[in-house]
Amino acid sequence: MADPCQPQPHDDDTSGSTGGAASSAVVSVQRVRASTRLVVADEVIEEVPVALSYNGVSHAVMLATPADLEDFAVGFSVSEGIVAAPHEIHDLEIVPGCEGIVIEMQIATPRFLALKEVRRTLAGRTGCGLCGVEQLAQAVRPVPRQRPPATPVELAAIDEALRKLPHWQPLREQTGASHASAWVDARGQIRLAREDAGRHNALDKLGGALLRSGVPVASGFVLTSSRASYEMVHKAACMGASTLVAVSAPTALAIRTAQDAGLMLIGFARPGQLVAYTYAERLRGDLPGAEAARKLM
């Protein structure tokens with residue numbers, strides 16, 4: 001079995017976790033540069049409809065990249081509140097079909113009965129976690145609050161992870177079109193990473209992998225290659241994270257949600273710089289190069 005804590009190639013993967021579908025496809029394109037036109041082969045990321053079914057009842061259809069689908073199913077189920085933990089999923093089977101992939105799950109009876117009471121149908125564009133919400137009150141759900149004490153995070157660890165993240169993105173290297181979410185330990189070492197065309201899907205895949213592996217999520221931090229929306233903060237909190245680092249901007253609702261959840265939210269993270277929006281007092285140390293910058297002042 002491959003080590004889940006090492007980068008894994010996903011192209012041409014036909015294992016059960018992909019439903020027999022490849023994560024990318026090769027197409028013929030015309031590349032134009034100045035006055036030159038070339039017909040070349042190009043690799044593009046794949047999206048397929050993925051239906052999540054619980055106890056024989058289809059609940060959601062999302063467009064997702066067909067890789068790490070078991071992780072996706074577990075992460076989605078927990079972050080959406082369908083189950084509280086992976087052990088409440090008694091069976092999981094990935095069934096490929098002509099029109100997409102069905103993930104069949106058998107969940108605990110009390111959870112299925114609760115699901116029937118609050119059922120919503122998600123007609124998902126790429127990773128859109130709120131499509132099909134029937135009432136406004138369902139759009140912003142209660143977020144679990146982290147139990148103190150939260151783990152401090154070294155600025156140098158964030159910087160180290162940002163520099164290494166591209167090496168954990170084989171799909172992005174091949175296609176230029178994937179988002180990634182990674183779990184980083186206290187030393188700044190990336191231990192798990194998942195990719196998808198949708199940022200929500202990538203985070204659900206990471207959440208599922210973490211929950212299935214039993215990693216103490218709050219002992220490190222979650223790093224995402226996207227912006228930090230409310231949904232990203234909510235999903236990070238549901239997987240037990242105490243810090244979410246995003247390379248782009250957060251929304252105002254995401255900041256308020258992170259504050260309520262006790263989650264440190266960082267945006268605009270680049271090597272050598274970042275912006276802390278909540279709980280900045282948990283940051284420790286300096287970013288690399290800070291001492292040299294102080295000497296120039």
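No experiment lies behind these values; they were computed from the predicted model shown.
With a 4.5 Å cut-off on side-chain heavy atoms, V50 and L63 do not count as touching. You'll find the side chain of L223 reaches within 4.5 Å of the side chain of L165, heavy atoms only. In this structure, the side chains of E80 and H59 stay at 4.5 Å or more apart for every pair of heavy atoms. Taking 4.5 Å as the limit, some side-chain heavy atom of L274 sits within range of a side-chain heavy atom of I158.
The 12-atom threshold is not exceeded at CD of E173, counting heavy atoms of other residues, nucleotides or ligands nearer than 6.0 Å. Within a 6.0 Å radius of CZ in R33, no more than 12 heavy atoms belonging to other residues, nucleotides or ligands are found. For CD of E281, the number of neighbouring non-hydrogen atoms (other residues, nucleotides, ligands) closer than 6.0 Å is greater than 12. Annotation: R172, atom CZ; neighbour count of heavy atoms from other residues, nucleotides and ligands within 6.0 Å does not exceed 12.
In terms of heavy-atom proximity, S219 sits nearest to P216 at OG-O, 2.6 Å. Listed here is the closest heavy atom pair of A228 and A254: O-CB, 3.3 Å. Heavy atoms only, all atoms of each residue included: A157 and F221 are closest at O-CZ, 3.9 Å. The heavy-atom pair separating A280 from M264 by the smallest distance is CA-SD, 4.4 Å. Considering all non-hydrogen atoms of both residues, G198 and H179 come closest at C-CD2, 4.1 Å. Summarising the geometry of A258 relative to T278, their closest heavy-atom pair is CB-OG1, 4.0 Å, with the distance given to 0.1 Å.
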Please evaluate residues V222 and M239 with respect to the criterion side-chain contact (heavy atoms from CB on, under 4.5 Å), reporting the C-alpha separation (whole Å), side-chain torsions for both, the decisive distance (0.1 Å), and the verdict. CA-CA 10 Å; V222 172; M239 71 174 70; 4.0 Å; yes
Determine, stepwise, if the pair I266 / L283 fulfils side-chain contact (heavy atoms from CB on, under 4.5 Å). CA-CA 10 Å; I266 292 172; L283 290 171; 3.9 Å; yes
Can you check side-chain contact (heavy atoms from CB on, under 4.5 Å) on E88 and I82, steps first, answer last? CA-CA 9 Å; E88 293 186 331; I82 296 168; over 6 Å; no
Evaluate H200 against M232 for side-chain contact (heavy atoms from CB on, under 4.5 Å), listing each step before the verdict. CA-CA 6 Å; H200 298 157; M232 298 292 282; 3.3 Å; yes
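Once rounded to the nearest 0.5 Å, the distance linking CD of E160 with CG of L155 reads 13.5 Å. Considering CG of N201 and OG of S178, their distance stands at 12.0 Å, rounded to 0.5 Å. One distance of note links CD of Q174 with CD of E195; it measures 8.0 Å at 0.5 Å rounding. Between C238 atom SG and F76 atom CZ the span is 11.5 Å, to the nearest 0.5 Å. The CZ atom of F112 sits 5.0 Å away from atom CG of N55, with the distance rounded to the nearest 0.5 Å. Here CG of D204 is found 12.0 Å from CG of L69. Values are rounded to the nearest 0.5 Å.
One N or O on the side chain of T65 and one on the backbone of A197 form a donor-acceptor pair closer than 3.5 Å. In this structure, D42 contributes its side chain and V27 its backbone to no donor-acceptor pair below 3.5 Å. Side-chain atoms of W183 do not come within 3.5 Å of backbone N or O of L206 as any donor-acceptor pair. In terms of modelled atom types and a separation under 3.5 Å, the side chain of T175 and the main chain of A177 share a donor-acceptor contact. A donor-acceptor pair is defined here as one N or O able to donate and one able to accept, closer than 3.5 Å; no such pair exists between the side chain of K235 and the backbone of G75. A donor-acceptor pair under 3.5 Å is formed between the side chain of S225 and the backbone N or O of A180. In this structure, T151 contributes its side chain and A218 its backbone to a donor-acceptor pair below 3.5 Å. Y279 places no side-chain N or O within 3.5 Å of a backbone atom of L265 that could act as its donor or acceptor partner. S28 contributes no side-chain N or O that, together with a main-chain N or O of V39, makes up a donor-acceptor pair within less than 3.5 Å.
Under 3.5 Å, the side chains of E104 and S53 contain a donor-acceptor pair of N or O atoms. If you check the side chains of Y54 and S77, you find a donor sitting under 3.5 Å from an acceptor.
Using a 4.5 Å cut-off between side-chain heavy atoms of Ile, Leu, Val, Met, Phe, Trp and Tyr, with links allowed through other members, V44 and L38 fall into the same hydrophobic cluster. M62 and V57 fall within a single hydrophobic cluster, where Ile, Leu, Val, Met, Phe, Trp and Tyr side chains are chained together by heavy-atom contacts under 4.5 Å. Grouping the Ile, Leu, Val, Met, Phe, Trp and Tyr side chains by contacts below 4.5 angstrom, directly or via other members, places L244 with I255. Criterion: ILVMFWY side-chain heavy atoms under 4.5 Å apart, direct or through other members. Under it, V26 and V48 are not part of a common hydrophobic cluster.
Remark: R187 does not engage E154 in a salt bridge, criterion side-chain N to carboxylate O under 4.0 Å. Contact check on D68 versus R194 returns a salt bridge, with a Lys/Arg side-chain nitrogen under 4.0 Å from an Asp/Glu carboxylate oxygen. D260 has no carboxylate O lying under 4.0 Å from a charged side-chain N of R256, or vice versa, which leaves the two without a salt bridge.
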